[in-house]
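Please read all numbers here as calculations on a predicted model, not as lab measurements. Below, all heavy atoms of this structure are taken into account, side chains as well, without hydrogens, waters or symmetry copies. Counting starts at 1 for both ligands and their atoms, following the listed order.
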Amino acid sequence: MTQFNRRQWLKAAGLTGTLAIVNGYQAVNGSITTSEVPSPPINGLIRLNSNENPYGPSPTVREAIVKGFDMACRYPNAFSGDLVEMIAKKEGVAKENIVLNGGSTEGLNITGLTYARDGGEIIAGAPTFLAMMTYAEKFGAYAHMVPLDNDLVHDLDAMAKRVNSNTKIIYLCNPSNPTGTIVDGNQLRDFCKSMSSKALVFCDEAYFDYIEEPNYPSMMELVRDDLNVIVCKTFSKVYGLAGVRIGYMVARKDIADRLRENVPAYTNMLAIEAAKAAMEDAEFYKYSLAQNKISKDLIYKTLDDLKLKYIRTHTNFVFFESGREITSLVKDMKGKGVQIGRPFPPLTKWCRISTGRVEEVKQFNSALKQVLS
Ligand SMILES: Cc1ncc(COP(=O)(O)O)c(C=O)c1O
């Protein structure tokens, strides 16, 4: 076992008595410096299992959160106007189209509850991010899970064939979790347009910022065209705010109004201040993407060395075929101090690994080589 607690780790890293480096990211006079010192493991483990961005929050966002405490005695709904306006401007929609939430998981839950409860049907890929389906099923919804195609991309034709008069929502996670794939941009647009006349199309764009294909379309354009489409975005990924809990949905006014009846749309004062500062911090945004690319390339190199099949990703994680049942790989990697993704049936020999910090990825790479040798 090479698991460290925080104190042991600090000692090993020569940092006892100082915690000057925060997540290895510092902005000094507008330019970015990074440290080679890894962030401390949590409960003795490096977390590469939840697609977090461990460089966040950026220093300016931290400052904004601290300032936000001055307003922490206030209910936030009266103070979210500036953020909503910033989001509306960024997405090219009106403020009425924005539904703030406490992260996309909340948005997914609320949408399933609003539109599919009591026998409504949802169509989604398999495997995919399950939040909407898991939650809505508790309230009587039924989920049709449609297998991905051979390239582990959403099978849009097969999904279209499953639509029936009872279909309430088509959930499209694009880029997809856990595979990291995207569907062809033109096919995506055609699919969403034609399906939106039959049911509500929910495009989960949590990882949109990481897409490497130039000019890839966001389905926000269909919301602007007043179609029956919801797009959700989150501050959890590229902005590094997963623990702060803030995100938003964008939809036609009547849909947004209906969702807002169920979403408290409160979030909290600190999250609102954090999100505003994050949207203005272009340096950190660029930095997050650049670091993600470095980590991805390091993972690819290791998987190439090990001759393992993997998917070139449009996200902050890589999905690869380990050749081992994932539950036993998880256990062995844990023994090496690295937490990796859980099983994604039916692909139980595939492993999802988050990009994490560069130093963490190096540790993952060496652990994987040891475990699989
Ligand atoms: C596709 C997808 N959507 C939504 C979420 C949830 O994000 P949030 O932290 O905003 O709840 C995740 C989290 O990993 C995700 O992978």
Worksheet item: So do the side chains of T111 and L200 get within less than 4.5 Å of each other, counting heavy atoms only?
Response: yes
Worksheet item: Do the non-hydrogen side-chain atoms of F319 and R352 ever get within less than 4.5 Å of each other?
Response: yes
What residue and atom, counting heavy atoms only, is the protein's closest point to [atom], and at what distance?
| atom | result |
| --- | --- |
| atom 12 (C) of ligand 1 | F129 CZ, 3.3 Å |
| atom 9 (O) of ligand 1 | S236 OG, 2.6 Å |
| atom 14 (O) of ligand 1 | K237 NZ, 2.8 Å |
| atom 6 (C) of ligand 1 | T105 OG1, 3.3 Å |
| atom 7 (O) of ligand 1 | S104 CB, 3.8 Å |

Discussion item. Can you confirm whether or not the ring centre of F79 sits under 6.0 Å from the ring centre of Y75?
Written reply: no
Worksheet item: Does the gap between the ring centers of F317 and Y207 come in under 6.0 Å?
Response: yes
Would you say [X] and ligand 1 have an N/O pair spaced under 3.5 Å apart?
| X | result |
| --- | --- |
| E106 | no |
| D204 | yes |
| Y171 | no |

Discussion item. Taking 4.0 angstrom as the limit and counting only heavy atoms of A206, give me the atoms of ligand 1 inside it, by number and element.
Written reply: 2 (C), 3 (N)
Practice prompt. Report, in ascending order of atom number, the atoms of ligand 1 lying under 4.0 Å from any heavy atom of R245.
Written response: 8 (P), 9 (O), 11 (O)
Worksheet item: What do the steps show when you test Y310 against R312 for side chain to side chain contact (heavy atoms under 4.5 Å, CB included), and what is the final call?
Response: CA-CA 7 Å; Y310 61 91; R312 293 191 76 83; 4.0 Å; yes
Discussion item. Run K293 and D297 through salt bridge (Lys or Arg N to Asp or Glu O under 4.0 Å) and show every step you take.
Written reply: CA-CA 6 Å; K293 188 158 171 19; D297 289 344; 3.4 Å; yes
Mind checking whether [X] has a heavy atom under 4.0 Å from ligand 1?
| X | result |
| --- | --- |
| C173 | yes |
| N51 | no |
| Y207 | yes |

Fill in: Ring geometry between F235 and Y239 (parallel below 30°, tilted from 30 to 60°, perpendicular above 60°)
tilted
Item to complete: Could you walk me through whether H154 and F191 pass the side chain to side chain contact (heavy atoms under 4.5 Å, CB included) test, one step at a time?
Response: CA-CA 11 Å; H154 278 108; F191 174 84; over 6 Å; no
Fill in: Evaluation steps, side chain to side chain contact (heavy atoms under 4.5 Å, CB included), between K233 and V250
CA-CA 8 Å; K233 298 257 182 124; V250 188; 5.7 Å; no
